[in-house]
Amino acid sequence: MSGYIPVVDFSAYSLDNKRKNVNDADLEALTDELMQAFTTVGFVYLKNTGIPTSEVNNVFDVYDKFCFQPEAVKEKYSRPVDRTAERHGWMALEREMLSLVGRDTPAPGDLKECFNIHPPLTEGQTWPEEIPEFEPVMMDFYHKCHVIAMRLLELIARGLGVEDVDGFLGKFKYVGKGRNGTNLRTLRYPPVPDVIKKDQVRCGEHTDFGCLTLLFQDNHGLEVVNADGEYVPASPIPGTVVVNIADTLQRWSADKLKSTRHRVVMPESPEERQRVRRSIAYFFHCDSDVELNCLDGSDKYEPLLAREYLNQQVGATYLSG
Ligand SMILES: O=C(O)CCC(=O)C(=O)O
Ligand SMILES: [Fe+2]
C-alpha cells in the first residue's frame, strides 16, 4: 500500500443510513474529502459503504462457479463479438485487450475471464441457468452498487457547484432500465501460465469509459498512475471499495475530475503467480442520450451525446476472436 490513494470514510452516507437521517455538515465534510481526491488522484478507497464483505465474497464465489463450468456451457452465454452489441455476457480468456485508446500496435489479449451484466437483458441474452443463484445474487449486488454510485454522484455534483443537483441526477434515470451503459463486470484472473505471450498482462493500461467505477478486489495487481506518471500499487484494503472517476465524467466536468490510467500486472514471485485474482467492477454510466455540456458552463469541449463519446472510446478496445 503506497498511501497515494486516500481512504475515505463513507459512514455518513452508507447504505445503512437513510437519507432523512443524514447530517448535512457530515455530508459537506465528506464532499470536500472526495473532491480533494477526485480532482487530483482520481481514485479513493471507500470504507463503510454498507455493502457487507460477505456479499462481495458471495459474488466472487458465484462467479467462480460459472468459471468452473465446461467451456461449452460458458459459450452459450458468450457476448457477441460485434462491437456494437450490448455489453452483456461472458468473455473468454484473451478475448479482450484493454489498452489505451488510439494505441496502434496490436498486443495480446488480457489474461482474464469476465462476465458483463447489463440489465435489462435484451433479445437473445439469458442468465446462466446452470447456476440458479447467479441472477439474484448479481442483481442484488448491482442494486447496492447503484445506490452507492448515486450517492457519490450527488456529492460530486455538490462539490462541482452544479446548481440543479436533482436535474443532474435525473440524467442517470435509465440505469438498469435500458438506454444506459451501466454494467456490473465480474472478473477472474487465473494462475499465470508458465508460458505467456510477449507484453501479455492481466489487464492492460486504460482509463474507464463511463462516469464512475466501483471496484472490489481480493488480491494484488492493480496499479494506478500517480502525478509523476509512475505506476503505484492499489492493493486491496479489506472492507473497502476502490472508486475512480471515468472518462465521461472527466470530460463533462471540463477536466476538473481526473480519469486516471490503471492496469493489472502479473505478480513477480512464483507463489503469487499461482494465485487467482478476482475483482468486481461496477461501471456507472449516465443515460446514453444525455448531451454532455461542460458542467462549469465553459466551452472546453463541444456538446456531444454520451453514446457517441462512449462509442469513440470503446472503438479501439475489443479484440475480436
Ligand atoms: O480487475 C481489476 O482490478 C481492474 C479491472 C479494470 O480496471 C477494468 O475492467 O476496467
Ligand atoms: Fe478499469
Side-chain angles (χ1 to χ4, degrees), residues 1-2 4-5 38 41-46 56-57 59-60 63-64 67 79 87-101 103 107 109-118 138 141-142 145 149 181-192 200-225 231-238 240-250 257-267 272-273 275-285 310 313-319:
M1 244 283 296
S2 64
Y4 178 66
I5 300 172
F38 286 149
V41 179
F43 270 77
V44 298
Y45 288 98
L46 214 58
V56 178
N57 290 335
V59 172
F60 285 147
Y63 184 50
D64 274 351
C67 291
R79 192 192 138 177
R87 282 172 291 282
H88 181 91
W90 175 67
M91 282 192 282
L93 275 181
E94 303 193 332
R95 167 71 197 279
E96 183 184 68
M97 171 198 56
L98 274 180
S99 71
L100 286 177
V101 174
R103 178 172 160 166
D110 294 342
L111 277 170
K112 66 175 185 229
E113 177 172 351
C114 51
F115 201 116
N116 272 29
I117 295 150
H118 186 196
M138 297 303 175
F141 200 74
Y142 179 102
C145 291
T182 299
N183 65 97
L184 181 73
R185 165 179 276 203
T186 51
L187 297 111
R188 191 170 188 282
Y189 302 86
V192 180
Q200 198 160 30
V201 289
R202 277 186 154 169
C203 177
E205 172 178 50
H206 66 283
T207 50
D208 294 342
F209 304 137
C211 284
L212 285 177
T213 304
L214 310 187
L215 184 79
F216 304 80
Q217 47 172 353
D218 77 342
N219 209 339
H220 302 279
L222 180 65
E223 295 186 341
V224 170
V225 164
Y231 270 104
V232 294
S235 298
I237 303 179
T240 67
V241 47
V242 172
V243 180
N244 63 284
I245 299 294
D247 296 344
T248 304
L249 197 50
Q250 173 174 292
L257 303 169
K258 304 292 179 209
S259 175
T260 303
R261 276 180 287 147
H262 53 282
R263 65 183 183 188
V264 180
V265 292
M266 303 282 190
E272 283 285 321
R273 285 168 93 86
R275 284 181 69 185
V276 170
R277 173 185 159 84
R278 298 177 299 178
S279 63
I280 309 159
Y282 179 77
F283 298 112
F284 187 52
H285 290 246
L310 187 61
Q313 303 293 87
V314 170
T317 307
Y318 295 107
L319 276 186

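All ligand and atom numbering here is 1-based and tracks the order in the structure. Throughout, residue positions are numbered sequentially from 1 according to the sequence presented. This structure is a prediction, so every number in the text was calculated from the model and none was measured.
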- Query: Within the stated cut-off of 2.8 Å, is an N/O/S atom of Cys203 closer than that to the Fe ion (ligand 2)?
  - Reply: no
- For the atoms OD1 of Asp208 and NE2 of His206, give the angle they form at the Fe ion (ligand 2), rounded to 10 degrees. 90°
- Query: Tyr63 and Phe141: aromatic ring centres closer than 6.0 Å?
  - Reply: no
With backbone taken as N, CA, C and O and side chain as the heavy atoms from C-beta onward, which portion of [X] lies under 4.0 Å from ligand 1: side chain, backbone, both, or neither?
X      : answer
Ala281 : neither
His262 : side chain
Asp208 : side chain

Quick one: does [X]'s side chain get under 4.5 Å of [Y]'s, heavy atoms only?
X      : Y      : result
Pro191 : Val276 : yes
Arg188 : Phe115 : no
Arg202 : Met266 : yes
Val264 : Gln217 : no
Met91  : Glu113 : no

For [atom], what is the closest protein heavy atom, and at what distance to 0.1 Å?
atom                    : value
atom 4 (C) of ligand 1  : Val264 CG2, 3.7 Å
atom 2 (C) of ligand 1  : Arg277 NH2, 3.2 Å
atom 5 (C) of ligand 1  : Tyr189 OH, 3.7 Å
atom 9 (O) of ligand 1  : Phe283 CZ, 3.6 Å
atom 10 (O) of ligand 1 : His206 NE2, 2.9 Å

- side-chain hydrogen bond (donor to acceptor under 3.5 Å, both in side chains) partner of His262, chosen from Asn244, Asp208, Thr207: Asp208
- Taking the non-hydrogen atoms of Lys112, is any one of them nearer than 4.0 angstrom to ligand 1? no
- Task: Kindly indicate whether a cation-pi arrangement holds for Arg263 with Tyr231, taking the cut-offs as under 6.0 Å to the six-membered ring centre and within 45° of the axis.
- Result: yes
